[in-house]
Amino acid sequence: MIQKYRFGTPINTDAVVQDIPSAPMDKKDSEENQSILSLAEINAADHFTLTIKMQAQDAVYGLGEANRGINKRGYRYVSHCNDDPNHTEEKVSLYGAHNFILFAGSKFFGLFFDYPSDICFDIGYTTQDTLTVTADEANLDVYLITGADAYDIIHQFRQLIGKSYIPPLWAFGYIQSRWGYKNEEDIRRVAAGYRDNGIPLDSISMDIDYMDHYKDFTVDLERFPNLSALSAEMKEQGLHFIPIIDAGVKIESGYNAYEDGVKNNYFCKRADGTDFVAGVWPGKTHFPDMLDQNVRKWFGLQYKSLIDQGIEGFWNDMNEPAIFYSEEGLAAAFEKMEELEKFKDNPDLNAFWAMRDAFNISNLQKDYERFYHNVDGKKVRHDKVHNLYGFNMTRAAAEGFDEICPEKRMLLFSRSSYIGMHRYGGIWTGDNQSWWSHLLLNIKMMPSLNMCGFLYSGADLGGFGSHTTRDLLLRWLAFGIFTPLMRNHAALGTREQECYQFEGLEDFRNILKLRYRLLPYLYSEYVKAALNDTLLFAPLAFEYPEDAVAREVEDQLMLGEGLMLAPVYQQNTTGRHVYLPEPMLFVLFHTSEEYTVTPMPAGHHYIPCGLAEVPLFIRCGRILPLAPSCECTAQLDYTSFTVLGEEGKGLSYSMYTDDGYTKHPERDGKYLTITK
Ligand code: GLC
């Protein structure tokens, strides 16, 4: 059951799709349901504060794209879409704002705080036994979801926020990316690096280097003289391009998007009515007012110029929106430096730190307070709706695609997001690092993202910042072959990390081939999770709530109806400890073709897993169909499966299939019965 409590006069965020009348604030518990005041103390007089006492055994899940563990207890998190590439353990805000928590233990319920500005979840950080949710303004809708168990609560929440986005089948293929592919030759070299070495690949994503001076919807014609021809050439090899689009539109006379935007008042304005200026990649830009539906319509249609050149997928970036500097901030920084000039010959500690900090002017709250949106005819200051910007940029694109190519599913993923955006596209988890701890963070984040509707998601495999190592990339890929978005992406200036750059290519080939062998099953489980509002990745705690050990396992995940994953995420190891809450089949893939299957009893085990191997577990009574291996989704063969699972039990699996493009999976999908 879902109850909505309205406080003050909230801004409509479009996060939810069900129109639920607001319930009266009531202290009484009815039989089948609890009221919010029986669970929490609320103070909504001026600011908003909700407080819940936690028992020792209580866990708190959710928050989607957030730092730290699956169980969020013991830290604080602030929903504030943040362009911060250093995801170190103390950080409280990443790129998404996913205000859903699930309380599990002495009581079971979910809470969604539909509030588009900063909101803080202190989950036993200030006081160990207290969960406190605070927001500056008491204008929000709070949804209380009660149900039988974690799955039931998640299912109801997902129905509340609407169906998750389903990308085309090819989007489940392996994607190679790098900031720094600067011309057609670089792209051809990547394609050949994979194809010539027989390593599977479906797409290459194009970073800002393809644009003419980082101007959205333009192509640098010197370095990419004929994008249509290049994209046709790649398509012949079964490859797709996925260009990046950034939020800021470069200020440059003669540039269409800029001129159109100025003429039609499509850009966010300062209080005095002038267009707000933010410095990003191209220098000074304006931000399209994505919260205005007319602007969304205009911006969405801009993608047409690239779609007309054969593009079928995009990634939307810098849409928190990221601000390197504002005009005001830059002027103040130079003024400060003038003041400090007197210390230039011999700055002491304080003077030197002041100089160093003078240009610390990116993504400032002060700047987010300098510009305004037009929300349904009302002027709203940006900081009040900050977390909706990336959502609405991606919505603009998705709605544009519906008009430009209504018959096709397009690939779309975004960096910044709010709950509701999961209906329009996926997300990648931003600028991680080539650190083993970020492989573990990727593992832990997947179920939390799913809880909030974000099924099409994944991390930059191998790590974005820092130099990767061969073993880290192999281990990360061995987990990444299970994530819907499977993209290897790296930052400018880091070691090249395409699979063919490393010795022992066959190890990479085997792991990626296994992705394609698993792909029909993974796609089927994905679409089922999207259509049925369920999880693709679940914590063990949800599946085995009575098992005290399973409840605390955070480095193993349930995947779909039949699998459990236990990825290796430590360097210099030849295996790992695994806890089995029930007997399972342990499958160890030595290559994409060779594997051993070992039945294992419930309990603690140490499993071997060499650097080039992939472990997985099949649950009793379930089977895993493997397709023949291939090099891209266009070659997938759905006619002959190798089926792993218990012998002689007459087990079957109902596999969802479609043409990979159809817009109506529910209507047009078919189910193949696969038996063992
Ligand atoms: C941002 C993105 C990253 C991209 C870079 C250049 O940092 O998160 O993925 O490579 O911008 O466009």
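Counting convention: from 1, in listed order, for ligands and their atoms alike.
Closest protein heavy atom to atom 3 (C) of ligand 1: Asp431 OD1, 3.4 Å. Nearest protein neighbour of atom 2 (C) of ligand 1, counting heavy atoms only, is Asp317 OD2, 2.9 Å. At the top of the distance list for atom 10 (O) of ligand 1, counting protein heavy atoms only, stands Asp207 OD2, 2.5 Å.
The distance from ligand 1 to the heavy atoms of Ile208 drops below 4.0 Å at these ligand atoms: 6 (C), 12 (O). Using a 4.0 Å cut-off to heavy atoms of Arg415, the atoms of ligand 1 that qualify are 1 (C), 2 (C), 7 (O), 8 (O). Shown in contact with Ile244 at under 4.0 Å from a heavy atom are these atoms of ligand 1, numbered in order with element: 12 (O). Annotation for ligand 1: atoms under 4.0 Å from non-hydrogen atoms of Phe464 are 3 (C), 9 (O), 10 (O). Remark: ligand 1 atoms within the under-4.0 Å shell around heavy atoms of His489 are 3 (C), 4 (C), 9 (O), 10 (O). For ligand 1 and Trp315, the ligand atoms under 4.0 Å from any heavy atom of the residue are 9 (O).
Between Tyr214 and Asp246, the side chains place no donor N or O within less than 3.5 Å of an acceptor N or O (distance only, hydrogens not considered).
Geometric assessment of Lys269 against the ring of Tyr372 yields a negative cation-pi assignment under the 6.0 Å and 45° thresholds. Cation-pi check for Arg68 over Tyr75 is met; the charged atom lies under 6.0 angstrom from the ring centroid and within 45 degrees of its normal. Within the cation-pi definition used here (under 6.0 Å to the ring centroid, within 45° of the axis), Arg487 qualifies as a partner of Trp428.
Not counting sequence neighbours, the partners of Arg188 by the salt bridge (Lys or Arg N to Asp or Glu O under 4.0 Å) test are Glu184, Glu185, Glu233. By the ring-ring contact (aromatic ring centres under 6.0 Å, His included) test, Tyr61 pairs with Phe542, sequence neighbours left out.
Ring pair Trp298/Phe267 is perpendicular by interplanar angle, where above 60° counts as perpendicular and below 30° as parallel.
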